[in-house]
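Below is one structure, written out as structure tokens; the observations come after it.
Quick note on labels: first sequence line is chain A, next is B, and so on, each numbered from 1. Keep in mind that what you see is a predicted model, and the values were worked out from it rather than measured.
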2 protein chains.
Amino acid sequence: MIDRRSDRAFYKQLADELREQIASGHLAGGARLPSQKTLAEKYGISIDTVRDAIDVLKAEGLVVTRQGQPTRVREAGPKQAVPLPEDFVAVGARMPTQEERDRLDLATGVPVLVVRTSEGEMVYAADSTHLVATDASSVA
Amino acid sequence: MIDRRSDRAFYKQLADELREQIASGHLAGGARLPSQKTLAEKYGISIDTVRDAIDVLKAEGLVVTRQGQPTRVREAGPKQAVPLPEDFVAVGARMPTQEERDRLDLATGVPVLVVRTSEGEMVYAADSTHLVATDASSVA
DNA sequence: CCGGATTTGTACGTATGTATT
DNA sequence: GAATACATACGTACAAATCCG
């Protein structure tokens with residue numbers, strides 16, 4: 001529920017509530033969220049405020065929206081293990097550039113892994129990739 | 001400028017333009033963006049639409065907003081090199097949880113690096129950290 | 001220290017467009 | 001074609017934080 005006397009913004013309260021439902025598994029990966037209209041009526045707030053809450057969850061990579069379709073909890077696809085090169089210089093992460101989002105077809109809130117070697121940089125969708133030791137024998 | 005005949009949403013066009021100015025260095029780290037009001041007047045669009053554009057850039061980790069202060073291009077602080085443990089199992093990245101955002105004081109659009117070892121997981125702000133070979137002799 | 005100006009934040013409303021089911 | 005759902009864009013009003021003279 002939304003506490004109208006609270007200092008916390010309504011859209012943050014709603015985001016908190018939905019986030020909790022996702023974290024607890026009450027809303028599992030792929031599950032549909034109630035429509036914005038439904039949420040607005042249920043909580044007695046405007047659709048705009050509901051959208052603000054959804055935007056927060058999108059930026060956190062928790063949900064995915066597509067026009068004409070219900071908002072769904074983002075499903076992390078099976079991660080592919082990629083060997084970390086022996087000669088890597090550094091590993092970092094950041095949000096993708098516009099070009100990378102288009103090229104890798106990344107949803108909002110999905111970062112990329114960047115591996116720098118002496119040869120150059122490799123960029124992986126963090127969504128679907130994790131890096132493992134080159135000696136893959138120890139991988140779980 | 002904004003092409004009102006374009007199919008591309010106004011807020012996306014504005015986000016593109018600001019993103020380009022940041023990428024090109026025309027707006028350097030720490031630089032102030034024009035106020036939302038100024039941008040709205042300059043481009044002949046509503047403040048709400050300007051805010052939508054700013055929201056895009058926030059999610060991309062490009063700008064930071066704070067109430068009462070001008071919007072600024074995010075400054076990536078000096079990155080600290082952290083040795084990657086010899087016994088690491090996997091390295092990944094994701095957006096932080098609410099708790100991590102609070103604890104690490106992360107801005108919107110800043111992912112975290114996750115290092116899994118046999119001992120457990122370590123989480124680093126990708127903003128200020130990159131992982132390097134345990135043998136640090138090769139680090140630039 | 002105070003008050004005004006500036007700037008972003010929150011919340012509401014309306015209307016229409018576009019994509020999917 | 002109809003119904004549903006999200007997307008875009010405009011407007012208003014007020015609140016809260018910061019900055020500056």
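- Atom pair B:Lys37:NZ and C:dA5:C1' shows a separation of 11 Å (rounding to whole Å applied).
- Between A:Arg8 and A:Asp16 there is a salt bridge, since at least one side-chain N of the basic residue sits less than 4.0 Å from a carboxylate O of the acidic one.
- Comparing C:dT8, D:dT8, D:dA7 against the side chain of A:Lys58 picks out D:dA7 as the nearest.
- Using a 4.0 Å heavy-atom cutoff across all strands shown, A:Arg4 reaches sugar-phosphate atoms only and no base atom.
- A:Ile54 comes within 4.0 angstrom of no nucleic acid atom, judged by non-hydrogen atoms across all strands.
- Listed pair B:Thr71 / C:dT8 meets the phosphate criterion, a side-chain N or O lying under 4.0 Å from OP1 or OP2.
- The side chain to side chain donor-acceptor pair (under 3.5 Å) search around A:Thr108 returns none, not counting sequence neighbours.
- Note: CG (B:Leu57) to C1' (C:dT8) measures 15 Å, nearest angstrom.
- Closest approach of B:Tyr124 to B:Val115, counting heavy atoms only: CE1-CG2, 3.9 Å.
- The distance from atom CZ of A:Arg51 to atom P of C:dG13 is 15 Å, rounded to the nearest whole Å.
- Counting only residues at least two apart or in different chains, salt bridge (Lys or Arg N to Asp or Glu O under 4.0 Å) contacts with residues 45-57 of chain B comprise B:Asp55-B:Lys58.
- In this structure, B:Arg32 atom CZ and C:dT8 atom C1' are separated by 13 Å, rounded to whole Å.
- Distance CD1 (A:Ile47) to P (D:dG11): 20 Å, rounded to an integer number of Å.
- Spacing between atom CZ of A:Phe10 and atom C1' of C:dG9 amounts to 13 Å, rounded to whole angstrom units.
- Of the listed nucleotides (C:dG9, D:dA7, D:dC10), D:dC10 has the atom at the smallest distance from the side chain of B:Asp48.
- Within the 4.0 angstrom heavy-atom criterion, only backbone atoms of the sugar-phosphate kind lie near B:Arg66; the bases stay farther away.
- Residue B:Pro34 is the one, among B:Pro34 and A:Asp52, whose nearest nucleotide of DNA chain C lies closer to the 5' end (criterion: closest heavy atom).
- Among the candidates A:Leu18, A:Leu33, A:Val64, the single residue satisfying the side-chain contact (heavy atoms from CB on, under 4.5 Å) test with A:Val73 is A:Leu33.
- Rounded to an integer number of Å, the gap from CD1 of B:Ile45 to C1' of D:dT8 is 12 Å.
- Heavy atoms of other residues, nucleotides or ligands lying less than 6.0 angstrom from NZ of A:Lys37 number 12 at most.
- For the residue pair A:Tyr43 / A:Glu17, a side-chain donor-acceptor distance below 3.5 Å is found, with atom types taken as modelled.
- For the pair B:Lys12 and D:dA7, the criterion of a side-chain N or O lying under 4.0 Å from OP1 or OP2 is not met.
- Using a 4.0 Å cut-off, no side-chain N or O of B:Thr49 falls inside it from OP1 or OP2 of D:dT8.
- At whole-Å resolution of the value, CG in A:Leu33 and C1' in D:dA5 are 13 Å apart.
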Counting primed atoms, P, OP1 and OP2 as sugar-phosphate and everything else as base, the B/S/- map of nucleotides 16-21 of chain C against protein heavy atoms under 4.0 Å is -BBBSS

